[in-house]
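All remarks here apply to the structure that follows.
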Amino acid sequence: MLDHFYSIISMTSNDEKAPKKRSIQGCKATLVAAKCAPPDALRAGFPDLKRLGTYFGIYLGVGTVIFYALKNDIRGHKTIDFIDSLYLCVVTMTTVGYGDLVPHSYNAQLVCIFFITVGMCLFGIAVKIAAKYLVVKQQMVMVNALRMSRKIGPVEALKEIESVKIDYNKLKISLIAMAGHYVIGILVLLTIEGMDFTDAIYCAFTTMTTTGFGDETFQEPFGRMFAIFWISTGTSCVGQLFLYIAEIYTDIETKKLAKQVISNNIIAKTDLEAADYIKDGKVYGAADMILYKLKEKGKIKQDDISVAMKDLNDVIKDVDVDVDDVTPPKSAQEK
């Protein structure tokens, strides 16, 4: 939506510093095409994800070193000390919590409590970043919708808003990626861990949803090495899926809000006075607004409007012909 509005504003602007004109049809077809770039304000307001990634990297590195130092205070099924330490960090950080490796000394439990607390704070920062992105995007959509309303008129702006379609491509791609990720996990559990098909499906699903009952886990060294990467990317896919769902819902509600804001401010005294003002063959005023509202409520169709306008034009032409043919009689004084 933001890209579509911005492209229309760019084409209607007469400022020399305005962006170059682009095709409206091209933006309508793609909606999020790379050529229809959003304003710099959205990109500038987007937080630095690299910094958050650096924090998570340091978090995992420090946690792995600490758990490796406390390897004798960790009980459960062990394979390779370093792999087990990193595996415990990932399982704990992603809240999977199988329970196949657990701290059993007082010091290890205190370290684990601190590790979990820091991890929750980092995930809180990630949620804040996602929320800020959605809020900034919604604000920019509303600003550009209002700017478009001033540039091309409120009625035309409402029509443009209605023509914008919600983009579901990222959600579809995310679902496909999750399905592929799920299948890969099942294959590894079948081949490396030697699980039954039912147990592999069960373990993969409980892991990706971070339920992690612990009755079926990764036991082999290579299986745990794979789990470190697979669990990290799997929880990221789930989080990204939730973000895309929230983004689609935000776009739908923003579209409704933009229409409501423009509609509430469209009927003013100037609009009523300009009801018969025609520019470029279009009516920018109350008459056009009435037709728009009737069409929006389903009480009138575009075909009905076209037929009515055609009939009206025919009537106007007939009236003009009749007026031209009729010669007004001269008054007695003129005679």
Side-chain angles (χ1 to χ4, degrees), residues 32 46-60 63-64 86-101 112 115-138 166-190 192-193 195 197-218 223-253:
V32 288
F46 194 76
D48 188 6
L49 292 177
K50 293 182 180 179
R51 183 178 299 176
L52 181 62
T54 302
Y55 291 158
F56 270 109
I58 297 174
Y59 171 71
L60 284 176
T64 301
L86 183 57
Y87 170 77
L88 178 59
C89 282
V90 172
V91 170
T92 305
M93 179 188 71
T94 57
T95 69
V96 173
Y98 286 128
D100 51 351
L101 290 174
C112 195
F115 183 80
I116 293 172
T117 303
V118 175
M120 291 177 63
C121 294
L122 289 178
F123 275 104
I125 296 174
V127 172
K128 176 188 175 182
I129 290 175
K132 185 175 182 179
Y133 165 74
L134 295 177
V135 171
V136 171
K137 182 179 179 181
Q138 184 183 42
I166 305 299
D167 181 27
Y168 294 93
N169 290 329
K170 291 189 291 185
L171 179 61
K172 294 176 182 177
I173 293 174
S174 180
L175 289 173
I176 294 173
M178 284 190 60
H181 193 274
Y182 183 62
V183 171
I184 292 174
I186 292 175
L187 293 176
V188 172
L189 290 171
L190 289 173
I192 304 300
E193 297 294 336
M195 293 185 183
F197 184 71
T198 304
D199 292 338
I201 293 177
Y202 168 75
C203 181
F205 186 80
T206 55
T207 301
M208 287 195 66
T209 56
T210 70
T211 303
F213 288 118
D215 48 349
E216 298 291 345
T217 61
F218 294 88
R224 287 191 172 177
M225 292 175 61
F226 168 78
I228 292 170
F229 173 78
W230 187 72
I231 294 174
S232 301
T233 55
T235 51
S236 299
C237 287
V238 173
Q240 199 169 34
L241 176 64
F242 291 154
L243 175 61
Y244 290 154
I245 293 174
E247 186 174 5
I248 290 174
Y249 175 77
T250 302
D251 288 344
I252 294 174
E253 293 301 318

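Computed from heavy atoms alone, side chains included, the values below leave out hydrogens, waters and symmetry copies. Sequential numbering from 1 along the given sequence is applied to the chain's residues.
Nearest heavy-atom pair, T217 versus Y87, reported as atom, atom and distance to 0.1 Å: CB-OH, 4.4 Å. In terms of heavy atoms, D167 sits closest to I248 at O-CG1, 3.9 Å. Here the closest heavy-atom approach between residue C237 and residue S174 is recorded as O-OG, 4.0 Å. When every heavy atom of F115 is checked against every heavy atom of G63, the shortest pair comes out as CE1-CA, 3.8 Å.
Partners of M195 by side-chain contact (heavy atoms from CB on, under 4.5 Å), not counting sequence neighbours, listed by chain and number: L189, E193, D199, A200, C203, E216.
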Audit row: K137, D251, side chain to side chain contact (heavy atoms under 4.5 Å, CB included) steps and yes/no: CA-CA 9 Å; K137 182 179 179 181; D251 288 344; 3.4 Å; yes

T207/Y98 under side chain to side chain contact (heavy atoms under 4.5 Å, CB included): CA gap, chis, key distance, verdict: CA-CA 9 Å; T207 301; Y98 286 128; 2.4 Å; yes

F226 vs I192, side chain to side chain contact (heavy atoms under 4.5 Å, CB included): CA-CA, chis, key distance, verdict: CA-CA 10 Å; F226 168 78; I192 304 300; over 6 Å; no

Side chain to side chain contact (heavy atoms under 4.5 Å, CB included) between L101 and V91, worked out: CA-CA 9 Å; L101 290 174; V91 170; over 6 Å; no

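In this structure, CE in M93 is found 5.0 Å from OG in S232, a value given to the nearest 0.5 Å. Rounding to the nearest 0.5 Å places CG of L241 at 12.5 Å from CD1 of I173. For the atom pair CD1 of I166 and CG of L171, the computed distance is 12.5 Å after rounding to the nearest 0.5 Å. Interatomic distance, CG of L243 versus CG of L134, reported as 5.5 Å (0.5 Å rounding).
Taking 4.5 Å as the limit, every side-chain heavy atom of V90 sits out of range of all side-chain heavy atoms of F229. The shortest side-chain heavy-atom distance between V238 and T209 does not fall under the 4.5 Å cut-off. Taking 4.5 Å as the limit, every side-chain heavy atom of F218 sits out of range of all side-chain heavy atoms of M225.
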Quiz: residues 181-188 side-chain donor-acceptor pairs under 3.5 angstrom, not counting sequence neighbours:
residue: H181; atom: ND1; partner: W230; partner atom: NE1; Å: 3.1
residue: H181; atom: NE2; partner: W230; partner atom: O; Å: 3.1
residue: H181; atom: NE2; partner: T233; partner atom: OG1; Å: 2.7
residue: H181; atom: NE2; partner: G234; partner atom: N; Å: 3.4
residue: Y182; atom: OH; partner: I201; partner atom: O; Å: 3.0

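Checking side-chain atoms of T235 against main-chain N and O of I231 turns up a donor-acceptor pair under 3.5 Å.
Checking each of V135, I129, V136 against K132 for a side chain to side chain contact (heavy atoms under 4.5 Å, CB included) leaves exactly one that passes, namely V136.
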